[in-house]
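Reminder, nothing fancy here: chain letters follow the sequence lines and each chain counts from 1. Bear in mind that the values here come from a model prediction, so they are computed numbers and not experimental data.
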Amino acid sequence: MDWPEKVKKMQADWIGRSYGSEIAFHVEGANDTITVFTTRADTLFGATYMVLAPEHPLVPRIITPDTRAAVEEYVERALARSSVDRMTLTKEKTGAFTGGYAINPINGRRLPIWIADYVLMDYGTGAVMGVPGHDERDFEFATAFRLPIPRVIAPVEAARRDIEKAAAMPLDHAETDYGVMVNSGGFDGMTSEEGKKAVTEKLAKDGMGRFTVNYKMRDWVFSRQRYWGEPIPIVHCEKCGEVGVPEEDLPVMLPRVERYEPTGTGESPLAAISEWVNTTCPKCGGPAKRETNTMPQWAGSCWYFIRYIDPNNGEQLCDPAKADAWLPVDLYVGGIEHAVLHLLYSRFYVKFLYDIGAIGFDEPFARLFNQGMVYKDGAKMSKSKGNVVSPDEMVERYGADSLRLYELFMGPPELDSEWNDSGIEGMYRFLNRVWRLVNSHADRRVSATAAGAARRASGQATGGADAAAPVAPRRATGRASAALERERHRAAMEVTQRLEAFKLNTAVSALMSYVNALNDWVDENGSVDTASLETLARLLAPFAPHIAEELWQRLGHDESVFVVKWPEYDPEKVQEDLVTLPVQVNGKLRGTIQVHRGAPEDEVLAAAREAGTVVRHITGKQIVKEIYAPGKIVNIVVR
RNA sequence: GCCGGAGUGGCGGAACAGGCAGACGCGCACGACUCAAAAUCGUGUACCUUCGGGUAUGUGGGUUCGAUUCCCACCUUCGGCACCA
């Protein structure tokens, strides 16, 4: 997938796959077991306590009469704090002792069971083993509540020198790096990697542990209480409960209604449409009600593009032949804000559809391009900040082409940029220049070699003010029109390359340079050939479609500029015979020389020694080295 | 704290693969046209200078004949994630 690394990483983090072990701890004096997830089974000997999330289901069964009040108060307070508060409030560790104990399955040690809100119910098992010596959070917790902090991992180097001494080294912070196991019974001397495996395997033999994989993915409510969304195909039957709508009755369609309004009861507007809601149970045929919640917007945004290529197919999702021709999407341009929701879930949908054989590809978008955001006054545009630029006003004043061109010209598309009102003025002026240039030469049917000669034939011009363009009577020579042809090839080359490289701002500047060159040409020669103008219209078309189409017609074409071929270019024709080379002395510019392409090195160097103020800077000095980078530069090193 | 992007004139930005820093545009100044203005067109526009030149791409080093570009360390700033065991 040709996607930005950043997006791939954000998705990987969002999924949060984590390889580790599940370890079971018996609760002392009960039949209960607390299971924890850990990526560091090698630190199991260092566990000095257990922590459950406040909402963990075992909490009420573990508390003892004398801890009940304190624990219940803590749970209440923790649950009252919303998840938002939990993040913004200080990370100071809080907790309460339940009064219960668990047994460490590897060494039989008694571990006090605490509850604390730094353990999250919806990740892993909602319970952790506290290993303060080798986990920062556990270290903070153990420090706050004066729990023991033993060392069970020693740094590799220290262990190699003297493992006894390394095992006895005190800990003043959590050492989270991998190392060598110490104070761990028969496992001493193993590396962390070996230990994770060995400890888990030992536990597995006793039925107390296993390898497992955990994900950060969480549940996400898929339903919305509104009319506008795909109905969820479930029927609620009094007798049978929730029953899926049979496949032959799919899809469930929204009812056509004049209006839909909130019910005021907190239910979806669909709940008030009785002829739709009331149905029969597909299983028992008795009275039943349809599910009235609908799907969120992103349910459809995940796969709509598959349907777009074959929207009227009544038999299947889409015709496989059409899918082969069109999909997956070649290029997807969108904002980074969709990195983990829309773009990730779209991938899930497509992988599912691939797995059930509905489509033949398993990634939706081959290439992803994230465009930046446009800021105004240093902030995202928003109504509440009052810094919104209305596109309608801009279109009204300058036209859609000017607005579009300015948005492209503002800066590299992948970066954020700052809106500047006067910037669009420049684009408007540019388009006006293009308009005048083409219109004052459009109906002259001038060929490149006869540009000057044909000028006189242009008696009747396009009408209006444009007709009065000043024309200097001079003849264009054959050599000069070769220069014009070069400009044309250069423009086609630069616009094409920059367009393909997505450097749209520089593609626009290449267009401007081309127009400047054509205007200069007109100033000197009085006219310009039709091919040059046609190239301009075609190159301009993707950037300023309206004006380009109009100009194309004025250049005498009946078909649209969008159906004609994109201008081709010959890189050879862009090359100039005479190139200007900078000449440096000790890396400092001292002059320039004009040389023929492919001139022999000694000739170039000889010319270089004469150029500009080079002479002054090399006389009386010893030339140590002369560097000639053909087509680029000459550098004379003196001492 | 971790991860990622960005620092270049008054402003937005350009510079292919290490080769004339500032393309293109905005702004500004002056000029042409005009009774005047607008529009348009032209010229100029990094900084300092004893007019020889010198200094400049966030800062400090390094590599190189030559660095905006490559390497090391740092500063600023904008995003994203944030107790994930």
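- Atom pair A:His617:NE2 and B:G53:C1' shows a separation of 7 Å (rounding to whole Å applied).
- One atom, NZ of A:Lys632, and another, P of B:G19, lie 6 Å apart when rounded to the nearest Å.
- Across all strands, A:Val128 comes closer than 4.0 Å to base atoms (heavy-atom distances).
- If you check every strand for non-hydrogen atoms under 4.0 Å, A:Asn586 touches nothing.
- Between the CZ atom of A:Arg17 and the P atom of B:A85 there is a distance of 14 Å, rounded to whole Å.
- B:C71 and B:U55 have their C1' atoms separated by 25 Å, given to the nearest Å.
- Between A:Arg429 and B:C26 there is a side-chain polar atom (N or O) within less than 4.0 angstrom of OP1 or OP2.
- Inspection of the A:Tyr398 and A:Glu425 side chains reveals an N or O donor paired with an N or O acceptor under 3.5 Å.
- Residue A:Lys93 places a side-chain atom within donor-acceptor reach of the base of B:C83, judged by atom type and a 3.5 Å distance cut-off alone.
- Using a 4.0 Å heavy-atom distance criterion, A:Gly124 is classed as making no nucleic acid contact.
- Rounded to an integer number of Å, the gap from A:Glu494 CD to B:A14 P is 15 Å.
- As a whole-Å value, the separation of A:Ile627 CD1 from B:G66 P is 8 Å.
- In this structure, A:Pro4 reaches neither bases nor backbone, as no heavy-atom distance under 4.0 Å exists between it and the strands shown.
- Between A:Phe97 and A:Phe145, the ring centre distance reaches or exceeds 6.0 Å.
- Annotation: A:Tyr345 is in aromatic contact with A:Phe348 [ring centroid separation under 6.0 Å].
- Nucleotides of RNA chain B nearest to A:Leu589 and A:Phe37 differ in position, and the one nearer the 5' end is that of A:Leu589.
- As rounded to whole Å, 13 Å separates atom P of B:G4 from atom CE of A:Met10.
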